[in-house]
Chemist: 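Below is the structure I would like to discuss, written out as structure tokens.
Indexing begins at 1, ligand by ligand and atom by atom, following the structure's order. In what follows, every heavy atom counts, from backbone to side chain, and hydrogens, waters and symmetry copies are set aside.
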Amino acid sequence: MELPFAESYKIKVVESIRRSNREEREKWIHDAHYNLFQLKSDQIFIDLLTDSGTGAMSDKQWGGIMTGDESYAGASSYYKLKDAIADITGFPYFLPTHQGRAAENVLFSVLVKEGDIVPGNSHFDTTKGHIEFRRATAIDCTIDEAFDTTIDYPFKGNVDLGKLEDVLKKSGEKVPFIILTLTNNSAGGQPVSLENMRDVRDLANRYNKLVLYDSARFAENAYFIKLREPACRDKSIREIVAEAFSYADMMTMSSKKDAIVNMGGFIAMRDQELFRQCSVFNIMFEGYITYGGMSGRDMNALAQGLYEGTDFDYLETRIKQVEYLGNMLLDFSIPLQQPIGGHAIFIDVKRFLPHLPKEEFPAQTLAIQLYIEAGIRGVEIGTLMADRDPVTRENRYPALEMVRLAIPRRVYTNNHMDVVAVALKNVFDRRNEIKSGLRITQEAPIMRHFTVELEPLAT
Ligand SMILES: *Cc1c(COP(=O)(O)O)cnc(C)c1O
């Protein structure tokens with residue numbers, strides 16, 4: 001008999017979690033104004049809000065915490081991290097930041113100005129926020145296949161080269177750089193192929209443009225490349241990662257994802273002059289060059305995390321767990337973005353609750369129902385998150401209305417995944433009883449989904 005697959009690690013420390021009952025959860029979500037971000041963590045049984053900063057660090061990472069160098073300037077932890085980043089990405093210059101959006105803030109302070117246009121593949125929400133905050137425009141050039149959840153296409157994160165070239169032709173002088181998000185989170189954790197990265201590089205060279213990788217899940221992206229891109233089957237994850245970054249000029253990183261730390265980020269680049277310009281803003285917004293928003297111990301853990309996050313056995317364990325959950329849901333006929341992505345399951349709510357009008361926030365409605373059903377917290381990736389158009393202030397209705405169930409790294413077991421699958425099946429079985437959605441009672445002018453307050457249209 002072939003041995004079954006099992007995790008490439010064992011558990012050394014545990015944390016208790018508590019089940020609650022439906023009555024408690026109905027009260028809690030009401031008190032939280034039907035916004036899952038407003039719940040307290042002890043009101044949640046299985047927390048799939050995000051895979052960001054929620055991973056379990058390894059014994060070696062915790063070891064690094066004990067040996068961190070907290071010198072203000074020139075800490076050995078900084079040099080250890082600098083060496084790890086150069087080793088893995090090939091970028092010789094780097095600046096630590098407190099998380100990914102801080103890296104965006106620093107880099108965009110140098111590169112993005114009013115009226116600019118930044119094309120890419122479904123910009124992440126904070127990335128788009130930092131572009132629009134500077135009165136510039138993000139243009140999504142993702143391939144059309146990404147927006148049909150029923151199409152099984154291996155690289156739904158890819159950039160449509162035709163759409164990208166149109167932008168460069170029409171308004172090339174306003175484009176400071178092209179941004180590639182690895183993996184394409186907003187489209188469902190979908191990977192970008194190495195071939196597509198190469199093509200984007202060629203196009204950028206023809207128009208003399210810089211290429212930025214928004215790299216939060218670059219290692220998961222590399223895993224998919226190894227599995228799905230025939231030319232890369234025999235390459236190691238590290239070889240694929242090195243080649244991928246060779247087609248970029250710079251990267252922003254949220255280390256809270258594939259580097260498996262609870263806080264941290266960085267910018268890395270090839271050009272020394274850009275590094276110098278970014279250093280000024282890094283010192284102003286984050287901290288001195290050799291710590292910029294991170295403590296020495298956290299830089300140690302991050303350096304180790306970069307190596308663990310790009311280990312094939314770890315990545316296989318991780319992505320197979322996401323697949324395990326996805327396959328159970330597919331067996332229950334629950335509509336998902338396919339193929340199943342790297343870090344999360346994306347439920348296609350337009351097919352789950354087709355009878356709910358888009359004005360009633362169907363994805364948020366489903367996320368609330370799943371919480372009430374079993375204390376599971378997912379997140380809406382739909383109309384709430386898409387926010388209003390900055391100019392017209394009208395609601396934007398995205399092509400996909402989804403609930404994301406993000407799986408934290410090395411945290412939950414497959415038994416937890418079983419609970420999630422059955423809870424979602426129960427909601428699916430009673431979907432026709434969900435007759436109406438939600439209405440907004442309070443919202444912020446930008447990135448409203450974090451603090452928005454809602455109420456049910458009917459009870
Ligand atoms: C998480 C993330 C960010 C922002 O990083 P934070 O660490 O949350 O500030 C940017 N881009 C992508 C693709 C991300 O996943």
Chemist: Suppose I only count heavy atoms of K256 and a 4.0 Å limit; which atoms of ligand 1 are within that range?
Modeler: 7 (O)
Chemist: If the cut-off is 4.0 Å to any non-hydrogen atom of T181, which atoms of ligand 1 fall inside it?
Modeler: 13 (C)
Chemist: Would you mind checking which non-hydrogen protein atom is closest to atom 1 (C) of ligand 1, with the distance to 0.1 Å?
Modeler: K257 NZ, 1.4 Å
Chemist: Does some side-chain heavy atom of L95 sit less than 4.5 Å from a side-chain heavy atom of I289?
Modeler: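 The answer is yes, as the side chains (C-beta and beyond) meet within the 4.5 Å cut-off.
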Chemist: Within ligand 1, which atoms have a heavy atom of E104 less than 4.0 Å away?
Modeler: 10 (C), 11 (N)
Chemist: Out of T183, T126, D51, D125, whose heavy atom sits nearest atom 4 (C) of ligand 1?
Modeler: T126
Chemist: Which class fits the ring pair F177 and F108: parallel under 30°, tilted 30 to 60°, perpendicular over 60°?
Modeler: tilted
Chemist: Determine, for Y314 and R410, whether the Lys NZ or Arg CZ falls below 6.0 Å from the six-membered ring centre while staying within 45 degrees of the axis.
Modeler: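 Yes, cation above the ring, under 6.0 Å and within 45°.
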Chemist: What I want to check is whether the side chains of R377 and Y371 have a donor and an acceptor closer together than 3.5 Å.
Modeler: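 No - no donor-acceptor pair under 3.5 Å links their side chains.
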Chemist: Where is the nearest protein heavy atom to atom 11 (N) of ligand 1: which residue, which atom, and how far?
Modeler: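 It is D214 OD2, 2.8 Å.
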Chemist: Of all the atoms in ligand 1, which lie at a distance below 4.0 Å from a heavy atom belonging to R217?
Modeler: 15 (O)
Chemist: Any chance the side chains of R201 and N205 put a donor and an acceptor closer than 3.5 Å?
Modeler: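 A donor-acceptor contact under 3.5 Å links the two side chains.
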Chemist: Under 6.0 Å between the ring centres of Y78 and Y291?
Modeler: no
Chemist: Does the structure place the NZ or CZ of K358 under 6.0 Å from the centre of the six-membered ring of Y397, at an angle of no more than 45° from the ring's axis?
Modeler: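 That pair qualifies as a cation-pi contact.
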Chemist: What protein heavy atom is closest to atom 8 (O) of ligand 1, reported as residue, atom name and distance in Å?
Modeler: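 Of the protein heavy atoms, R101 NH2, 3.0 Å lies nearest.
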Chemist: Considering the heavy atoms of G100, write down every atom of ligand 1 situated less than 4.0 Å from one of them.
Modeler: 5 (O), 6 (P), 7 (O), 9 (O)
